[in-house]
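Here is the structure we will look at.
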Amino acid sequence: MATSGRRLTLALVCLALTGTFGCTSASDGTGGEGKPSNASNSSDTSKSSAPPGSSAPPTSTAKPSALGAADFCPVAPPPAWAARSKERRYPSGTGLDRRGIAVGADGDTLIAVDSGPERSELVRLRNKGGDRRVIHSIDPLVGTKKIQYGSVRFDGRWVVFEVSHDAENWNDWSLYAWDSTGDAEPFLVTRHDKKIAGPFLFVQVQGGKAAWTEGTKSGKKAVHAYDLAARKDSVVHTGQVSPVFAAGDLLGWREASSASSPVQIKAVSFATGKPVELPPVIAKIRGAAHVTGDGDTWAWVSPDYRTLYAWQPGWKESATIAKAAEDEHIDQMELSGDLISWVGGKAVWAADLRSHSRTTLTPEYGSAVANGESLLVSYLEGGYTKDPSKRKGTTSYVLKAPELAPLPVCTSWKPIPQPTDETGAPGTEQGVTM
């Protein structure tokens, strides 16, 4: 991860560096008191097979902001969803602070960090934690420097992970890869020059290829695509670009042609590295702070981090999904099937594209990461406290989007597209250099 003077995705970084969730500034501001707002409880959707008698987890304690027709309706977390969350649950181990940071598309394999007083271990967990394999380990302190795991992704075979060597220098990082199908140790993919500033490191992995954006001596940023089996690196693009994101079979980034021009979305084939033509609605976007997609459905956040938009085939224009309150932001956005998740206020939220409603996924601060139709959610049991001795550990669970019954239908929602004048230029808080 990199560099000073740029907006940091605080929720993700606090989770990655401290193993806690108490320092997120990302927020939706809608809070949700567990009561539906203009949502019909008589959904025309299929019934869940969740066991009876299950109860929903506590909802966020944040106060709801004023809602308009553009917002998906906030509803109470359904008991059936809570029951599903118990089917793939990974609690902290004894004497360890466990935080899930990546998930396999099958939903049954978790990559986590187990942190103890003197050692942190990157582990693979299967069978609800019964099958535990240590991938890599680090000493959290080397002299005065704090060492930690950063960005991690898993494509079902390859685990690619960042080791940040100095909490005071976000340019000081290494990237490693591990083949989960064999017994070999992880190998070094690249060691970034700590003197070269670059965007925060967010690695993507798909089909045996890893991708990331890295700073160069010229000041431009290079998009790397690395063949993990062949151990061969290539640069597919150079420019004023953001960290990369995955959208189905596409590898994308945000780019500006100059310091004053608005940001556009660009993409190449993840497999070939060749440029691809984006859907017209996505190609014409001129303002976006975060972007994600699955090749069909797309979601992005406004340049000021306060409005979440989406588009999918069949929609003529983009549509507003959620708005943040004045002093809050939308962050850590992920897409899994028909669900768009994000960190907002004091909880992780999920919007259901089938019903135009949304609900909380955590009692309080947390994080979420998606892979295909699987969504990994993590949060601190009992909430955040500054005193490590009083923390009750971290719980991670996995939801499979197709297994979840749709939320109650929101009858008041109306699709309002992103304004055409909502743009963001590089070199600012909304820029591509973060």
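Just so it is clear, the values below take in all heavy atoms, side chains as well, and ignore hydrogens, waters and symmetry mates.
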Donor-acceptor pair between Q148 and S164 side chains, under 3.5 angstrom
yes

Is a side-chain donor-acceptor pair under 3.5 Å present for W300 with Q418?
yes

Minimum heavy-atom distance between [X] and [Y], given as atom pair plus value:
X    : Y    : result
S269 : V276 : N-CG1, 3.6 Å
P303 : A288 : CG-N, 4.0 Å
D233 : Y226 : CB-CD1, 3.5 Å
G208 : D155 : N-OD2, 2.9 Å
L175 : V203 : CD2-CG2, 4.2 Å
V113 : S120 : CG1-CB, 4.4 Å

Can you classify the ring geometry of H224 versus W212 as parallel (below 30°), tilted (30 to 60°) or perpendicular (above 60°)?
parallel

Anything under 30° is parallel, anything over 60° is perpendicular, the rest tilted; go ahead and classify F161 against Y149.
perpendicular

Are the side chains of [Y] and [X] in contact, using a 4.5 Å heavy-atom criterion?
X    : Y    : result
V223 : V268 : no
T213 : S242 : no
R124 : V159 : no
H136 : V163 : yes
L122 : I101 : yes
L125 : D131 : no
L361 : W81  : yes
Q240 : K220 : yes

Can any side-chain N or O of [X] pair as donor or acceptor with the backbone N or O of [Y] at less than 3.5 Å?
X    : Y    : result
E162 : S151 : yes
S378 : S367 : no
H165 : N169 : no
D71  : K323 : yes
R286 : T420 : no
N371 : V103 : yes
N171 : G198 : yes
T320 : A322 : no

In chain order, what residues pass the side-chain contact (heavy atoms from CB on, under 4.5 Å) check against D249, with sequence neighbours excluded?
Q206

Ignoring hydrogens and angles, write down the donor-acceptor pairs under 3.5 Å from the side chains of residues 277-285, residues two or more places apart or on other chains.
unit_1	atom_1	unit_2	atom_2	d
K284	NZ	E317	OE1	2.9
K284	NZ	E317	OE2	3.4

Between [atom1] on residue [X] and [atom2] on residue [Y], distance to nearest 0.5 Å:
X    : Y    : atom1 : atom2 : value
T307 : E422 : OG1   : CD    : 5.5 Å
I265 : E255 : CD1   : CD    : 12.0 Å
W173 : L201 : CH2   : CG    : 4.5 Å
L339 : L407 : CG    : CG    : 7.5 Å
K221 : T238 : NZ    : OG1   : 11.5 Å
S180 : I135 : OG    : CD1   : 8.0 Å

Per salt bridge (Lys or Arg N to Asp or Glu O under 4.0 Å), D114 is matched among R99, R119, R132, R133 by R132

Would you indicate whether K400, at its atom NZ, is surrounded by more than 12 heavy atoms from other residues, nucleotides or ligands within a distance under 6.0 Å?
yes

Any residue meeting side chain to side chain donor-acceptor pair (under 3.5 Å) with Q204, in chain and number order, not counting sequence neighbours
none

Counterpart residues, salt bridge (Lys or Arg N to Asp or Glu O under 4.0 Å), relative to D179 (two or more places apart)
R157

Passing candidate, ring pair (Phe, Tyr, Trp, His ring centres under 6.0 Å) with H290, options W298, W342, Y305
Y305

Taking it one step at a time, do R358 and I340 satisfy side-chain contact (heavy atoms from CB on, under 4.5 Å)?
CA-CA 9 Å; R358 55 198 168 108; I340 303 173; over 6 Å; no

Residue pairs fulfilling ring pair (Phe, Tyr, Trp, His ring centres under 6.0 Å) with at least one residue in residues 231-284, sequence neighbours excluded:
H237-W253

Evaluate the criterion side-chain contact (heavy atoms from CB on, under 4.5 Å) for residue pair S341 and L375; output intermediate values, then yes/no.
CA-CA 9 Å; S341 63; L375 181 66; 3.6 Å; yes

How far apart are the C-alpha atoms of R153 and F202, what are their side-chain angles, what is the distance that settles it, and do they pass the side-chain contact (heavy atoms from CB on, under 4.5 Å) test?
CA-CA 9 Å; R153 287 287 178 170; F202 289 97; over 6 Å; no

Once salt bridge (charged side-chain N to carboxylate O under 4.0 Å, His left out) is applied, what residue pairs with a partner in residues 182-195 remain, sequence neighbours excluded?
D172-R191

Checking R231 against F187: charged group under 6.0 Å from the ring centre and within 45 degrees of the axis?
yes

Should Y397 and L399 be marked as a side-chain contact (heavy atoms from CB on, under 4.5 Å) after you check the CA-CA gap, both sets of side-chain angles, and the distance that decides it?
CA-CA 7 Å; Y397 67 85; L399 293 173; 3.6 Å; yes

